[in-house]
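Here the structure is laid out as structure tokens; the discussion comes afterwards.
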Amino acid sequence: MIVGERKPLEEIAEMLHTYRKVLNVGCGGCTSICLAGGQKEVGVLSRDLENHFGDKGGNIQIHELTIERQCNAEFFTELDRLIGNYDAVLSMACGAGVQFVADRYPHRPVFPALNTT
């Protein structure tokens, strides 16, 4: 099984600092099971980022979505509909899920929020 751990907040914020509308996408698969990238963790990270940028006077909107698996196209219907509304995607999936999202949306920057082993 893949195990994920959230990157440090400062590292994630540095990746996102030039974007205004970010979609934070969780995964209901492996990273959800290890309590690193499921719906609850998406909410926690989104609040942490909003507080971080708010404290620094930044203007960022972070919206949330959790799909069943980011490594399987079968679960991308909702993400397909929403992706055009955002400047960037923050993926809370394993490396395979992040790569799958990046390949599916080549015109949208996709950033990993987790380190996986």
Side-chain angles (χ1 to χ4, degrees):
M1 179 173 104
I2 293 173
V3 176
E5 180 180 18
R6 193 176 102 177
K7 292 180 181 290
L9 184 63
E10 288 290 335
E11 183 179 344
I12 297 169
E14 179 62 29
M15 290 186 275
L16 300 177
H17 79 278
T18 61
Y19 301 98
R20 295 297 138 232
K21 287 185 76 177
V22 175
L23 182 60
N24 185 7
V25 182
C27 182
C30 299
T31 61
S32 178
I33 292 168
C34 65
L35 305 176
Q39 186 172 355
K40 178 182 175 194
E41 293 80 24
V42 167
V44 170
L45 177 56
S46 294
R47 297 302 82 72
D48 288 350
L49 286 166
E50 288 170 347
N51 291 335
H52 173 85
F53 284 108
D55 291 346
K56 296 187 181 303
N59 182 19
I60 190 170
Q61 296 176 18
I62 301 177
H63 297 121
E64 304 167 7
L65 174 68
T66 300
I67 63 176
E68 189 65 29
R69 285 188 196 86
Q70 287 188 34
C71 60
N72 187 328
E74 180 180 327
F75 300 104
F76 275 68
T77 304
E78 189 172 2
L79 187 54
D80 288 343
R81 282 187 279 125
L82 296 174
I83 196 75
N85 298 324
Y86 298 94
D87 303 323
V89 175
L90 180 62
S91 172
M92 294 189 74
C94 68
V98 174
Q99 188 61 53
F100 194 96
V101 173
D103 288 346
R104 188 170 178 102
Y105 308 111
H107 296 61
R108 209 53 89 231
V110 177
F111 299 101
L114 304 179
N115 294 319
T116 57
T117 54

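Here L35 sits alone; no ILVMFWY side chain lies under 4.5 Å from its own, so it joins no hydrophobic cluster. Clustering of Ile, Leu, Val, Met, Phe, Trp and Tyr by side-chain heavy atoms under 4.5 Å joins I2 with none of the others.
The ring pair (Phe, Tyr, Trp, His ring centres under 6.0 Å) pairs that include a residue from residues 20-53 number zero, where partners must be two or more places apart or lie in different chains. For the salt bridge (charged side-chain N to carboxylate O under 4.0 Å, His left out) condition, the pairs that include at least one residue of residues 58-67, sequence neighbours left out, are R47-E64. Here side-chain hydrogen bond (donor to acceptor under 3.5 Å, both in side chains) pairs that include residues 12-33, with residues two or more places apart or in two chains, are N24-S46.
R69 is linked by a salt bridge (Lys or Arg N to Asp or Glu O under 4.0 Å) to nothing, counting only residues two or more places apart in sequence or in another chain. Under the rule for a side-chain hydrogen bond (donor to acceptor under 3.5 Å, both in side chains), E78 has no partner lying at least two apart in sequence or in another chain. Taking D48 as the reference, R6, L9, V44 meet the side-chain contact (heavy atoms from CB on, under 4.5 Å) condition, with sequence neighbours excluded. Listed by chain and residue number, nothing satisfies the salt bridge (Lys or Arg N to Asp or Glu O under 4.0 Å) test with E5 (two or more places apart in sequence, or in another chain). With sequence neighbours excluded, no residue forms a salt bridge (Lys or Arg N to Asp or Glu O under 4.0 Å) with D87.
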Distance-only check: which donor-acceptor pairs under 3.5 Å involve side-chain atoms of residues 94-103, not counting sequence neighbours?
residue	atom	partner	partner atom	Å
Q99	NE2	D103	OD1	2.8

Would you list the atom pairs, donor with acceptor, under 3.5 Å between side chains in residues 108-116 and any protein atom, with sequence neighbours excluded?
residue	atom	partner	partner atom	Å
R108	NE	I83	O	3.2
R108	NE	Y86	O	2.9
N115	OD1	K7	NZ	2.6

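The nearest pair of heavy atoms linking G4 to C34 is N-SG, 3.3 Å. Across all non-hydrogen atoms, the minimal contact from T66 to Q39 is OG1-CA, 3.4 Å.
The CG atom of N85 lies 9.0 Å from the CG atom of L23; values are rounded to the nearest 0.5 Å. Note that CD of Q70 and CZ of F76 are 5.5 Å apart. Values are rounded to the nearest 0.5 Å. Summarising the geometry, atom CG belonging to L16 is positioned 5.0 Å from atom CD1 belonging to I60; distances are rounded to the nearest 0.5 Å.
V42 and L65 are members of different hydrophobic clusters when ILVMFWY side chains are connected at heavy-atom separations under 4.5 Å. Cluster membership check: I62 does not share its hydrophobic cluster with V25, using side-chain heavy-atom separations under 4.5 Å among Ile, Leu, Val, Met, Phe, Trp and Tyr.
Looking at heavy atoms from C-beta onward, V22 lies out of side-chain contact with L49 at the 4.5 angstrom threshold.
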